[in-house]
Amino acid sequence: MTTKIRKAVFPVGGLGTRFLPATKAMPKEMLPVVDKPLIHYAMEEARAAGIEHFIFVTSRGKTALEDHFDRHFELEETLARRGKKAELEALLSWQPAMGQVSFVRQPEALGLGHAVLCAKELVGNEPFAVLLPDDLVLSKTPCLAQMAAAHAPVGGNLVAVMDVPREHTQRYGVLTPGAVDGALTEVKGLVEKPKPEEAPSTLSVIGRYILAPSIFGHLERQERGAGGEIQLTDAMAKMIGEVPFHGFTFEGRRFDCGDKVGFLEANVAFALARPDIAPKFAPFLAEAAGKL
Ligand code: G1P
């Protein structure tokens, strides 16, 4: 029997060293793509998939994230007084309801698996989603909603996957693929950041997961993997054979916003997908492209 996915975990404890100096005093998850912070896209994507409880695993220096999802009465009052009705309505439209948002601290940066383990008490014994806000997906149907629909009939673990150039396998969790059924690929093996010559395939995990709660039993052992970190990939690999486990080839394009070039690409792609921005932005882009 499968259960509705109600909770999503957002690991947001990372330092953002790839984006200095922008991220020295500002959480990397607050970097805007067009006009929304990365974390905001992740929250909207989760909500579109039916998520009701948003769990943020934070660390020092991340209070801007808490403020972003909190009410801001002075701003609301100012917008109301100035007659900016549309702006006020827009602001209130995405505001999470009381009790929908939780924050838990990751006391030490011990890896992605450790970050997810920090959410154990808040998740409890039900399947849940994990979204890495660095990974932004531009698609017709939001990526997690595609995954929730694909997960319903099969249950277990479902991870979003895409083919990457072989020279990039060292950036990802990589699958040993089994039987393919439409968008689903059976996971026969999983390894974190393999060297190109050792990678079992080029089918790689991006930052969208639906996980069975039994993952916590594996994470609790806190075994160290690649880079000396407690890896989510290693805990998931231990679940092969225990629960159904599939890679899901999503519709859409993924941008690595933890990388400067990926972040710029996302800004251009998301701007061109916005009817209010694209007509004003496209002429400049065409002109800039013409100069190359
Ligand atoms: C993490 C995961 C990796 C996954 C990647 C997707 O790595 O550990 O398995 O493929 O996210 O973005 P990170 O990018 O945090 O190094």
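Order of appearance sets the numbers: ligands from 1, and atoms from 1 within every ligand.
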(request) For atom 11 (O) of ligand 1, grab the closest protein heavy atom and report residue, atom and distance to one decimal in Å. (result) Leu132 CD1, 3.4 Å
(request) Return a yes/no value for Gly173: is any of its N or O atoms, backbone included, closer than 3.5 angstrom to an N or O of ligand 1? (result) yes
(message) Within the structure, is a non-hydrogen atom of Met162 found at a distance of less than 4.0 Å from ligand 1?
(response) no
(request) Looking only at protein heavy atoms, identify the closest one to atom 5 (C) of ligand 1 and say how far it is in Å. (result) Val205 O, 4.1 Å
(message) Please tell me whether Phe270 and Phe281 form a close aromatic pair, meaning their ring centres lie under 6.0 Å apart.
(response) no
(request) If you have a sec, work out which protein heavy atom is nearest atom 14 (O) of ligand 1 and how many Å separate them, to one decimal? (result) Arg171 O, 4.5 Å
(request) Below 4.0 angstrom from a heavy atom of Arg254, which ligand 1 atoms are there? Numbered from 1 as shown, please. (result) 12 (O)
(request) Please write down residue, atom name and distance for the protein heavy atom closest to atom 7 (O) of ligand 1. (result) Lys193 NZ, 3.2 Å
(request) Tell me yes or no: between the side chains of His114 and Gln106, is some donor less than 3.5 Å from an acceptor? (result) yes
(message) Considering non-hydrogen atoms of the protein only, which is the closest contact for atom 12 (O) of ligand 1, and what is the distance?
(response) Asp135 OD2, 2.8 Å
(request) Please state which part of Arg208 comes within less than 4.0 Å of ligand 1, counting heavy atoms only: side chain, backbone, both or neither. (result) neither
(request) Report the residue from Lys85, Arg71, Arg82 that forms a salt bridge (charged side-chain N to carboxylate O under 4.0 Å, His left out) with Glu76. (result) Arg71
(message) Here's a test for you: under side-chain contact (heavy atoms from CB on, under 4.5 Å), which of Thr233, Leu132, Ile230 qualifies with Leu112?
(response) Leu132
(message) For Glu44 and His40, which I'm curious about, is there any donor-acceptor pair between the side chains at under 3.5 Å?
(response) yes
(message) To check your reading of the model: name the closest protein heavy atom to atom 8 (O) of ligand 1, its residue, and the distance in Å.
(response) Glu192 OE2, 2.7 Å
(request) Report yes or no: does Leu232 have a heavy atom closer than 4.0 Å to ligand 1? (result) no
(request) Examine Val130 and Leu136 and state if one hydrophobic cluster contains both, with Ile, Leu, Val, Met, Phe, Trp and Tyr joined whenever side-chain heavy atoms are less than 4.5 Å apart. (result) no
(request) Pull out every atom of ligand 1 sitting under 4.0 Å from any heavy atom of Thr233, numbered as shown with elements. (result) 9 (O)
(message) Can you confirm whether or not the ring centre of Phe69 sits under 6.0 Å from the ring centre of Phe56?
(response) yes
(message) Quick one, Leu211 with Val9, criterion side chain to side chain contact (heavy atoms under 4.5 Å, CB included). Give me CA distance, side-chain angles, the key distance, then yes/no.
(response) CA-CA 11 Å; Leu211 299 172; Val9 175; over 6 Å; no
